Amino acid sequence: MLNPCDDAFLAALGQRLPEGTLRPPEPRHLTEPRGRWPGRAGAVACPRRTEEVAEIVRACAAARVGIVPWGGGTGLVGGQVMPSGPLPLVLSLERMTALRGLWPDENVIAVEAGMTLASVQAAAEAAGRLFPLSLASEGTATIGGNLATNAGGTAVLRYGNARDLCLGVEAVLADGSVLQGLSRLRKDNTGYDLRHLLIGSEGTLGVLTAASLRLFPCPAARVVALLVVPSPAAAQRFLRLCEMRLGGLVTAFELIARMGFSFLAEVGPEVRMPFPQAPDWCVLVEFGLPSAMDPEATMASVYEEAAEAGLVTDGVIAASAAQAEMLWALREAIPEANRRIGAVSSHDISLPLGAIPGFIAEAGERIAALGDLRINCFGHLGDGNLHYNVFRAAGRSRADDDPLREPVKRLIHDLVHAAGGSVSAEHGVGRLKTADLDRYGDPARLAAMRGLKRALDPAGILNPGAVLSGRPA
Ligand SMILES: Cc1cc2nc3c(=O)[nH]c(=O)nc-3n(C[C@H](O)[C@H](O)[C@H](O)COP(=O)(O)OP(=O)(O)OC[C@H]3O[C@@H](n4cnc5c(N)ncnc54)[C@H](O)[C@@H]3O)c2cc1C
């Protein structure tokens with residue numbers, strides 16, 4: 001049983017920390033982007049140094065007080081807010097933003113966990129390198145949060161998830177010990193890889209305090225195009241064509257459905273649409289090219305070949321960096337448009353690539369049979385990750401959503417599971433999907449996860465209730 005983070009605990013902890021480390025929570029520490037769960041906290045601890053994090057964790061372990069690690073608060077599955085249970089301490093990494101080291105010749109950077117993703121990208125760029133993780137929330141999300149959730153984003157196709165970009169981590173474990181793992185090595189076969197256990201553990205196995213990350217050469221040029229495709233199956237064949245012609249140079253391949261454009265028009269009529277009539281399906285494609293290749297000519301030649309094969313029918317190739325940004329801005333505005341319209345149920349799913357067209361067709365038919373609903377299906381088609389979001393028909397009230405929420409979610413997740421997919425592709429489990437993990441997770445894997453949690457956090461102080469439900473193994 002955990003104890004609340006009460007005044008007596010805070011008074012004792014405050015004596016062991018520099019003044020100003022413990023603060024009253026601000027609204028941003030107790031809310032999450034979708035407004036589903038109100039967080040609660042006895043206080044927010046804002047340490048500046050790893051030793052202070054260790055001191056806080058040791059005190060919480062001794063007093064059995066729960067800790068909710070907090071990065072930028074942009075997580076979409078409620079991992080960073082704890083709405084029930086004994087009052088926790090929120091442990092924010094927001095003041096741990098230092099650059100620990102930069103080795104451009106090794107393509108390595110080491111940063112503290114509270115540095116925002118945008119700042120990591122900027123530090124890499126200043127050294128003439130690329131840190132390729134890219135998400136719409138990058139101005140606020142922190143590298144600690146990115147690693148804790150194993151974030152994906154728009155460049156996974158070429159560079160991988162957050163996990164693939166991390167060489168090592170420094171972390172405070174549940175007993176307050178500090179795991180010194182800020183490695184710059186690309187090969188290290190010395191037993192269990194605790195880095196990979198902590199990445200994606202959503203603050204339930206340790207508090208990440210710093211990370212060493214892989215950098216890449218900056219592509220000499222990029223070219224972005226928004227191209228109309230006849231169907232998701234054609235989009236996939238087009239991706240294969242791009243990969244055949246360009247090898248690993250395809251950075252992003254994002255699917256956008258007509259509903260995405262309709263929603264943008266509905267919530268932001270000022271948005272300039274690239275087509276007079278929104279197409280049923282299109283893809284936003286980005287290539288990052290070496291200096292020997294002419295960007296526009298490369299895109300044009302791939303376009304021509306695809307058009308001849310009937311895989312693309314129209315499109316806009318950005319003629320300048322500003323146009324490229326404009327096309328990306330459309331794609332990145334879609335989640336916000338979804339949020340403003342308010343989904344009945346949203347799903348961050350991944351599927352084997354070959355199963356995607358069949359899933360889209362079948363899910364569409366079965367959702368239609370449930371009622372008058374709208375589907376906005378978009379996402380990172382290149383890596384099999386769709387955001388499949390279902391909305392009430394225009395003019396219906398939010399009150400109509402409630403009875404549909406569970407059936408819609410179950411229908412989608414059952415279909416995904418049957419197709420060998422995952423019910424959480426890039427956002428994690430948090431508190432939103434613990435029951436889904438119980439339902440769809442492999443029993444042996446779940447038992448091993450519970451065993452690991454017991455071994456590494458026997459009192460259960462780290463992010464209680466996140467990832468693993470309270471259900472006994
Ligand atoms: C507009 C928008 C677009 C988004 N797009 C994407 C996208 O394309 N791809 C994607 O993957 N995600 C996306 N997200 C989700 C979110 O931005 C990511 O999950 C991000 O990685 C969370 O980082 P954060 O610092 O905000 O973490 P928080 O929200 O603060 O925390 C998220 C989880 O990580 C834990 N945590 C945070 N910091 C630490 C730490 N230092 N040590 C241990 N645990 C920690 C928390 O306890 C919580 O469980 C998007 C969110 C928004 C609002």
Side-chain angles (χ1 to χ4, degrees), residues 28-35 37 39 41 44 47 50 53 57 66-82 88-97 111-120 133-156 161-163 169-174 179 198-211 252 254 331-340 346 348 350 378-380 383 385 387 424-434 457 462-467:
R28 67 197 169 98
H29 297 119
L30 304 178
T31 48
E32 46 81 32
R34 288 180 175 153
W37 295 279
V44 178
T50 302
V53 177
V57 175
I67 296 172
V68 180
W70 195 89
T74 67
L76 293 174
V77 288
Q80 72 279 34
V81 287
M82 188 172 149
L89 179 72
V90 166
L91 174 44
S92 169
L93 282 297
E94 65 199 71
R95 293 206 297 171
M96 292 190 57
T97 57
V111 299
E112 291 189 340
M115 191 184 264
T116 63
L117 174 54
S119 304
V120 180
L133 190 67
S134 177
L135 331 168
S137 55
E138 62 202 18
T140 312
T142 62
I143 200 69
N146 298 151
L147 290 169
T149 58
N150 186 26
T154 50
V156 172
N161 294 299
R163 179 186 299 290
V169 295
E170 178 192 272
V172 174
L173 303 179
L179 176 78
L198 290 165
I199 295 172
S201 70
E202 302 181 54
T204 62
L205 298 179
V207 180
L208 301 169
T209 49
E254 299 284 305
R331 159 64 184 87
E332 298 205 324
I334 292 175
E336 175 57 16
N338 287 343
R339 194 190 65 75
R340 285 168 65 183
S346 341
D348 161 41
S350 65
F378 67 105
H380 319 297
D383 47 78
N385 176 191
H387 297 301
S424 183
E426 63 173 359
H427 293 160
V429 176
R431 291 179 171 77
L432 178 69
K433 293 189 176 174
T434 53
D457 180 16
L462 290 177
N463 215 355
V467 182

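Computed over heavy atoms, backbone and side chain alike; hydrogens, waters and symmetry mates excluded. Start at 1 and go down the list; that is how both ligands and their atoms are numbered. Since the structure is predicted, the reported quantities are computational estimates derived from the model, not experimental observations.
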Those atoms of ligand 1 less than 4.0 Å from some heavy atom in Gly203: 43 (C), 44 (N)
Contact between Gly153 and ligand 1, counting heavy atoms under 4.0 Å? yes
Just which atoms of ligand 1 are under 4.0 Å from any heavy atom in Ala136? 3 (C)
Determine all donor-acceptor pairs shorter than 3.5 Å in which one atom belongs to a side chain in residues 73-80; sequence neighbours excluded.
{"unit_1": "Gln80", "atom_1": "NE2", "unit_2": "Gly73", "atom_2": "O", "d": "3.1"}
{"unit_1": "Gln80", "atom_1": "NE2", "unit_2": "Gly75", "atom_2": "O", "d": "3.0"}

Taking the minimum heavy-atom distance to atom 25 (O) of ligand 1, which of Thr116, Asn150, Thr142 ranks first? Thr142
Please check: side-chain N/O of Thr142 versus main-chain N/O of Gly145, any donor-acceptor pairing under 3.5 Å? yes
Could you list the residues that satisfy side chain to side chain contact (heavy atoms under 4.5 Å, CB included) with Ala337, not counting sequence neighbours? Phe263, Leu264, Val267
Between the main-chain N or O of Phe378 and the side-chain N or O of Glu254, is there a donor-acceptor pair closer than 3.5 Å? no
Can you name the atoms of ligand 1, numbered from 1 with element, that are less than 4.0 Å from a heavy atom of Gly206? 43 (C)
So, the side chain of Asn463 versus the backbone of Gly203: is there a donor-acceptor pair under 3.5 Å, distance only? no
Please state which part of Asn146 comes within less than 4.0 Å of ligand 1, counting heavy atoms only: side chain, backbone, both or neither. both
Please work out whether any backbone atom (N, CA, C, O) or any side-chain heavy atom from C-beta onward of Ala148 is under 4.0 Å from ligand 1, and answer side chain, backbone, both or neither. side chain
Contacting atoms of ligand 1, where contact means under 4.0 angstrom from a heavy atom of Leu208: 40 (C), 41 (N), 42 (N), 43 (C)
NZ/NE/NH1/NH2 to OD/OE distance under 4.0 Å, Arg28 and Glu94: yes
Using non-hydrogen atoms of the residue, decide whether Gly114 is closer than 4.0 angstrom to ligand 1. no
Please determine whether any non-hydrogen atom of Ala466 lies less than 4.0 Å from an atom of ligand 1. no
To check your reading of the model: name the closest protein heavy atom to atom 27 (O) of ligand 1, its residue, and the distance in Å. Gly145 CA, 3.5 Å
If you have a sec, work out which protein heavy atom is nearest atom 31 (O) of ligand 1 and how many Å separate them, to one decimal? Gln80 CB, 3.7 Å
Check: Gly430 main-chain N/O paired with Glu202 side-chain donor or acceptor under 3.5 Å: yes
Of all protein heavy atoms, the one nearest atom 46 (C) of ligand 1 is Pro69 O, 3.1 Å
What atoms in ligand 1 come closer than 4.0 Å to a heavy atom of Gly79? 47 (O), 48 (C), 49 (O)
Would a distance-only check, ignoring hydrogens and angles, find a side-chain to backbone donor-acceptor pair under 3.5 Å from Asn385 to His380? no
Looking only at heavy atoms of Gly73, does any of them come nearer than 4.0 Å to an atom of ligand 1? yes
Heavy-atom contacts with Ala151 under 4.0 Å: which atoms of ligand 1 show up? List them by number with element. 11 (O), 21 (O)
Nearest non-hydrogen protein atom to atom 51 (C) of ligand 1, with distance, is Thr74 O, 3.4 Å
Counting heavy atoms only, which part of His427 comes closer than 4.0 Å to ligand 1: side chain, backbone, both or neither? side chain
With nothing but distance in play, are any N or O atoms of Val68 less than 3.5 Å from an N or O of ligand 1? no
Tell me if a side-chain donor or acceptor on Arg163 pairs with a main-chain N or O of Ile199 at a distance below 3.5 Å. yes
Is Asp348 reaching over with its side chain to a backbone N or O of Glu426, donor-acceptor style, under 3.5 angstrom? yes
Out of Ser137, Ala155, Ser201, Ala211, whose heavy atom is nearest to atom 4 (C) of ligand 1? Ser137
Using a 4.0 Å cutoff against the non-hydrogen atoms of Leu93, which atoms of ligand 1 qualify? 41 (N)
Donor-acceptor contact present, side-chain Glu138 to main-chain Leu135, <3.5 Å: yes
Proximity to ligand 1 by part of Asn463, non-hydrogen separation under 4.0 Å: side chain
Numbered atoms and elements of ligand 1 in range of Gly72, under 4.0 angstrom, heavy atoms: 24 (P), 25 (O), 26 (O), 27 (O), 30 (O)
Among all protein heavy atoms, pick out the one at the shortest distance from atom 32 (C) of ligand 1; state its residue, atom name and that distance to 0.1 Å. Thr149 CG2, 3.7 Å
Is there any N or O on Gly152 that sits under 3.5 Å from an N or O of ligand 1? yes
